[in-house]
Amino acid sequence: MPKITAAKTIVTCPGRNFVTLKIETSDGVTGVGDATLNGRELSVKSYLDDHVIPCLIGRDAHRIEDIWQYLYKGAYWRRGPVTMTSIAAVDMALWDIKGKLAGLPVYQLLGGANRSGVMVYGHANGETIDDTITRAGEYLAAGYRAVRLQTGVPGMTGTYGVSKDKFFYEPADADLPTETVWSSERYLPVVPELFAAAREALGWDIHLLHDVHHRLKPIEAARLGKDLEPYRPFWIEDPTPAENQDAFRLIRQHTTTPLAVGEIFNSIWDCKALIENQLIDYIRATVTHAGGITHLRRIAALADLYGVRTGCHGATDLSPVSMAAALHVDLSIPNFGVQEYMRHTAETDAVFPHAYAFADGQLHPGDAPGLGVDIDEAAAAKFPYRRAFLPVARLQDGTMHDW
Ligand code: GCO
Ligand code: MG
């Protein structure tokens, strides 16, 4: 049996922070897992170093489900982003090891490919509607079949989703949280204008997405969904914070615009009511923050029963290890919808050499055994950790708002 002989966490900041778990086995085979939780990176590192790794040594690396259950039930204090990201990192690393030992890419172990590749969406953003559409046109020309549109709100600085560097959007931008200002009243009319102009300029042969980023009240989100209906958005994402899941019933009563939720969910229990009550159309839980490949597949299987498809989070704060793991899941499940794809910087790609590749609007995980991604530890060591926080949002009168 391949025994776990050692495990360590590696923190690196090739432009942004990433935490990676590397597990070694008695066969000499190693596996990697992404343990990055944006803005709270060192909490996960400590959870792994202090509370998980000591319990892994000597275990059979093949027993993925048993180790998952052991870490989940054994913690007693279940769920939460730090715990579930830690479990996810172990799970990914063990699937990587299993694939390498079998000589197969992980998607083959998960049942094989269900499709030629994984449709991805890119991020088009700009200060103005024209800028955003120009960026979206570039994605179209590059072969993308889906693109997310975000634009500046006149009079507001620091609108969510609009970045200085147009290509490598990175919200965790400062040593202490940046303060941004928000106005739902100003935002609400801008998005339908953006979508009208986008359909006019780009036509109908492209999926258009939008992220509300938890900013609206339920009735405002219902209004936005209704206003966007003529432009057939692929989805609106996180229309309201999802702690109150009944809000989605209200939104649903008013609009047929598809709803996507779940990038901050960390277990199937966060998704269950939304899925079973058919209050959403896409579930965005990630392999890194929702317990790894093992748990994400369970969420996808539940979603499939209710006609809900996946649309996994794939922001740059998830490392290429996470992207690779997501692609193996995406390729192998029946109810895949779309995969978010924000490109990493060249420095990040150099630290994490990977087999996945983009062609014709799709990503494919490649056919290397395991996840097909690694960490170059010497390259990683050149980029020490830098504290970085996500921003906060306040209304114009200073009231704290959801970011
Ligand atoms: C998305 C997300 C990201 C998050 C980021 C936070 O849809 O891609 O909303 O942009 O804000 O992942 O760390
Ligand atoms: Mg989002």
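Read the numbers this way: they start at 1 and go in the same order the structure lists the ligands and their atoms.
- In this model, no donor atom of one side chain and acceptor atom of the other lie less than 3.5 Å apart for Gln150 and Thr159.
- Taking backbone and side chain together, Glu340 holds no N, O or S atom under 2.8 Å from the Mg ion (ligand 2).
- For atom 9 (O) of ligand 1, the nearest protein heavy atom (residue, atom name, distance) is Glu263 OE2, 2.7 Å.
- Take the N/O/S atoms of Asp211: the one nearest the Mg ion (ligand 2) is OD2.
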Next item on the list: Take Arg135 and Glu138 through the salt bridge (charged side-chain N to carboxylate O under 4.0 Å, His left out) test and state the conclusion after the steps.
Entry: CA-CA 5 Å; Arg135 304 294 306 173; Glu138 289 164 14; 3.1 Å; yes
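- Under a 4.0 Å criterion applied to the non-hydrogen atoms of Arg148, ligand 1 contributes the atoms 1 (C), 7 (O), 8 (O).
- Using modelled atom types, one finds a donor on one side chain and an acceptor on the other under 3.5 Å when comparing Tyr107 with Asp367.
- Between Ala88 and Thr288 the shortest heavy-atom distance is CB-O, 3.1 Å.
- Taking the centre and axis of the six-membered ring of Phe195, the NZ or CZ atom of Arg199 falls outside the cone set by 45° and 6.0 Å.
- Among the heteroatoms counted here (N, O or S) of Glu263, OE1 is the one nearest to the Mg ion (ligand 2).
- Residue Asp376 qualifies as enclosed at atom CG: its count of foreign heavy atoms under 6.0 Å is above 12.
- Compare Glu237, His214, Gln150, His213 by their heavy atoms: the one nearest to atom 7 (O) of ligand 1 is in Glu237.
- Annotation: atom 13 (O) of ligand 1 to nearest protein heavy atom, Asn38 ND2, 2.8 Å.
- For Asp211, a nitrogen or oxygen atom sits less than 3.5 Å from a nitrogen or oxygen atom of ligand 1, counting backbone and side chain alike.
- Between Ile53 and Leu21 there is a side-chain heavy-atom pair separated by less than 4.5 Å.
- Counting only heavy atoms of the protein, atom 10 (O) of ligand 1 lies nearest to Tyr160 OH, 2.8 Å.
- Counting heavy atoms under 4.0 Å from ligand 1, residue Trp403 touches it through the side chain alone.
- Taking the ring centre of Tyr70 as origin, the terminal cationic atom of Arg63 falls outside the region bounded by 6.0 Å and 45° from the ring axis.
- Contact annotation: Glu237 places an N, O or S atom under 2.8 Å from the Mg ion (ligand 2).
- Taking a cut-off of under 4.0 Å to the non-hydrogen atoms of Arg284, the atoms of ligand 1 that pass are 1 (C), 7 (O).
- Of all protein heavy atoms, the one closest to atom 8 (O) of ligand 1 is Glu340 OE2, 2.4 Å.
- Of the N and O atoms on the side chains of Thr9 and Lys45, at least one donor lies less than 3.5 Å from an acceptor on the other residue.
- Taking atom 5 (C) of ligand 1 as the reference point, the nearest protein heavy-atom neighbour is Asp317 OD1, 3.4 Å.
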